[in-house]
Each structure stands twice: as C-alpha cells, then as structure tokens.
Visitor: 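Here's a structure for you.
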Amino acid sequence: MSSARAAAGEFLGSAGLATVVVGSGIAAERLSPGDTGLQLFENAFATALGLTVLILVFATISGAHFNPVVTLADITLHREKWSIAAVYLPAQVIGCIAGAILANLMFAEPAAAWSTTQRSGWPLLLGEVVATAGLIVVIFALVRTGRSHLAAPAVGAYIGAAYFFTSSSSFANPAITIGRMFTDTFAGISPASALPFIAAQIVGAALGWIAVRALFPITGKRVTVEA
C-alpha cells in the first residue's frame, strides 16, 4: 500500500474515532443529564459500534490501527519497517485532534478548549494498563492465529466492555488521549492527566506484547485492525 493512502486511512479513521467518542459523549450529557451511568453506557455503545465500522472500512487501506501502541506492537512483532511509525503516528494524533474539534463544532461547543476533567490516581492508571494490555492481546491473538477477520467486532466489543470493567473507562490509545484534551466535555481529559495516562498505556502495551509473544508465538499476517 502507498504511504500516502495509508496515512490518509489512519488520519480519517482516527478522526472518525475521536468524533464518535467525543460526539457521543456530548450527546449523552445532553440526552441524560444527571445520570452518569447512562451517559457512560451511551458513550460506550456508540464507541463500540463506531469503532467496529471504522476498522471494517479502513482495514484494507492502512490496517486500521488508529492507535500508536498498536502500530508499534505490529512493527516489533511482525518485523515491519520502522518508517511505518513515521507515517502512522502523526496521522493518528492529528486525526484524533481533528476529530475532537469536529465533534465540538457539531454540538456548538468551542472548536477547541482544554479539558478541565481531572483523571488521576493509581487506580485509574492501573485501569489504563489493564485496558491497553487487553487490547493488544485481543488484536494480536486473533491476527497471529489466522482469525483477523474477527478483529473488527472483537475490538469493538472489547472497548465497549472495557468502558465499564476498567476504572479509567478504557482510553487505551495515546492518540485519542491527546485528542480528548481538546474538548471540555464528557469525554475530555485534562492535559495534566494525559501524560500519566499515556505512560500507563505504554506500560500496558508492553505487558500485552509480552503476553502475545509468550502465548501466540506463530507470526501471522500483518495486523489489520485498531483500537
């Protein structure tokens, strides 16, 4: 695949993901004021469905990573060229920022506003470690056992579930974490909280990588999914 097409796929898919996450969060706040549990369910349900669709749409263009730790895991597990990271990672981050801004504008919020939502503390960071490790295992267990065709619904289902079984509501993605700094709405995260979240995601990805190498040693085809 060409670098330009792959970069476009990662940009558009990441932008779509951020739009779904942020937009559904804003809608949930307005549709269910005062009911945080219902708001989280609405946000998780929309994200699970939207992510599944985005993976199916962009898998043949870029592999549908939409996530820096997925790209890095793919490179190291499957001996891909490191130049892929130079193309994918900026597209993912810029795409997530653009998607958050688009969602803000659709709901008549300021185009970009630093989030004031503090998400801090060891329990939440542990939640991000668990969420990201699980995501890496889900993706690469399927890819390395010849079941990558199941990855889109599996990743969507996992992320939707992880909204509830992790304390952090499962960001599990450094790019979307950066994008969510730009919205002071339900899905936002303050800049001060973002860096520890990203560090926890990197730790989780490393643990997931170790688990994949130990449990699924047979290398399959190049990854064709996100999260």
Side-chain angles (χ1 to χ4, degrees), residues 1 3 6 9-10 13-14 17 44 47-89 91-93 96 125-177 197-227:
M1 65 185 71
S3 294
E10 286 299 292
S14 298
L17 176 60
T47 300
L49 293 181
L51 179 54
T52 300
V53 171
L54 288 167
I55 293 171
L56 291 171
V57 169
F58 291 102
T60 59
I61 297 175
S62 67
H65 295 188
F66 316 148
N67 187 333
V69 296
V70 172
T71 298
L72 294 176
D74 184 30
I75 290 170
T76 53
L77 285 170
H78 300 148
R79 298 180 181 178
E80 298 290 343
K81 296 179 180 178
W82 281 100
S83 58
I84 293 172
V87 174
Y88 277 36
L89 269 60
Q92 292 160 355
V93 172
C96 283
L125 296 179
L126 178 59
E128 276 303 282
V129 171
V130 171
T132 311
L135 177 63
I136 296 298
V137 171
V138 167
I139 291 172
F140 290 98
L142 293 173
V143 170
R144 290 163 73 93
T145 55
R147 297 174 293 162
S148 58
H149 61 286
L150 298 175
V155 170
Y158 174 79
I159 291 297
Y163 262 70
F164 286 92
F165 75 73
T166 65
S167 57
S168 63
S169 72
S170 183
F171 287 42
N173 181 336
I176 195 70
T177 302
F197 257 56
I198 292 171
Q201 291 157 4
I202 293 171
V203 171
L207 293 175
W209 185 92
I210 292 170
V212 169
R213 285 293 299 257
L215 298 174
F216 306 96
I218 300 175
T219 302
K221 294 182 180 180
R222 183 173 182 277
V223 65
T224 57
V225 294
E226 183 263 5

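This is a predicted model, so every value here is computed, not measured. The first residue in the sequence is number 1, and the count goes up from there.
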Visitor: Could you list all the side-chain hydrogen bond (donor to acceptor under 3.5 Å, both in side chains) pairs where at least one residue sits in residues 151-163, not counting sequence neighbours?
Guide: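 Qualifying pairs: Thr47-Tyr163.
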Visitor: Can you name the residues that form a side-chain hydrogen bond (donor to acceptor under 3.5 Å, both in side chains) with Arg147, not counting sequence neighbours?
Guide: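 In terms of side-chain hydrogen bond (donor to acceptor under 3.5 Å, both in side chains), with neighbours along the sequence ignored, Arg147 is linked to Thr145.
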Visitor: How close do Gly156 and Ala48 get, counting heavy atoms only, and between which atoms?
Guide: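 Smallest interatomic distance, heavy atoms only, reads O-CB, 3.2 Å.
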Visitor: What's the shortest heavy-atom distance between Arg144 and Pro217, and which atoms?
Guide: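 That would be NH2-O, 3.2 Å.
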Visitor: Under the rule for side chain to side chain contact (heavy atoms under 4.5 Å, CB included), what residues qualify as partners of Ile75, not counting sequence neighbours?
Guide: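 Ile75: side chain to side chain contact (heavy atoms under 4.5 Å, CB included) contacts with Thr71, Glu80, Trp82, Ile84, Ala85.
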Visitor: According to the side-chain hydrogen bond (donor to acceptor under 3.5 Å, both in side chains) rule, which pairs have a member within residues 202-218, sequence neighbours left out?
Guide: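 Every pair satisfying side-chain hydrogen bond (donor to acceptor under 3.5 Å, both in side chains) with a residue in residues 202-218: Thr76-Trp209.
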Visitor: Taking side chain to side chain contact (heavy atoms under 4.5 Å, CB included) as the test, write out the residues that go with Leu56, two or more places apart.
Guide: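 For Leu56, the residues satisfying side chain to side chain contact (heavy atoms under 4.5 Å, CB included) (neighbours in sequence not counted) are Thr52, Ala152.
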Visitor: Could you go step by step and tell me if Leu49 and Val53 meet the side chain to side chain contact (heavy atoms under 4.5 Å, CB included) rule?
Guide: CA-CA 6 Å; Leu49 293 181; Val53 171; 5.7 Å; no
Visitor: For residues 126-139, run the donor-acceptor check on the side chains, cut-off 3.5 Å, and write out each pair with its distance to 0.1 Å, sequence neighbours left out.
Guide:
from	atom 1	to	atom 2	distance (Å)
Glu128	OE1	Ala172	N	2.9
Glu128	OE1	Gln201	NE2	2.7
Glu128	OE2	Ser168	OG	2.6
Glu128	OE2	Phe171	N	2.9
Thr132	OG1	Glu128	O	2.8

Visitor: I need the minimum non-hydrogen distance between Ser3 and Val87, along with the two atoms involved.
Guide: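 Distance-wise, the nearest heavy atoms are O-CG1, 3.7 Å.
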Visitor: Once ring pair (Phe, Tyr, Trp, His ring centres under 6.0 Å) is applied, do any residues pair with Phe58, and if so which ones, sequence neighbours excluded?
Guide: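 Residues passing ring pair (Phe, Tyr, Trp, His ring centres under 6.0 Å) with Phe58: none at all.
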Visitor: Does a donor on one side chain and an acceptor on the other come within less than 3.5 Å for Ser14 and Gln92?
Guide: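 No donor-acceptor contact under 3.5 Å links the two side chains.
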Visitor: Could you walk me through whether Leu89 and Val93 satisfy the side chain to side chain contact (heavy atoms under 4.5 Å, CB included) test, starting with their C-alpha distance in whole Å, then the side-chain angles of each, then the deciding distance to 0.1 Å, before giving a yes or no?
Guide: CA-CA 6 Å; Leu89 269 60; Val93 172; 5.6 Å; no
Visitor: Is it the case that the side chain of Tyr88 and the backbone of Leu72 share a donor-acceptor pair, with hydrogens and angles ignored and the cut-off at 3.5 Å?
Guide: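 Flag not set: sc Tyr88 to bb Leu72 has no pair under 3.5 Å.
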Visitor: Supply the atom-to-atom distance Ser169 OG to Phe164 CZ, rounded to the nearest 0.5 angstrom.
Guide: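 Going from OG on Ser169 over to CZ on Phe164, the span is 9.5 Å.
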Visitor: By side-chain hydrogen bond (donor to acceptor under 3.5 Å, both in side chains), which residues pair with Ser167, not counting sequence neighbours?
Guide: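 Expected list: none.
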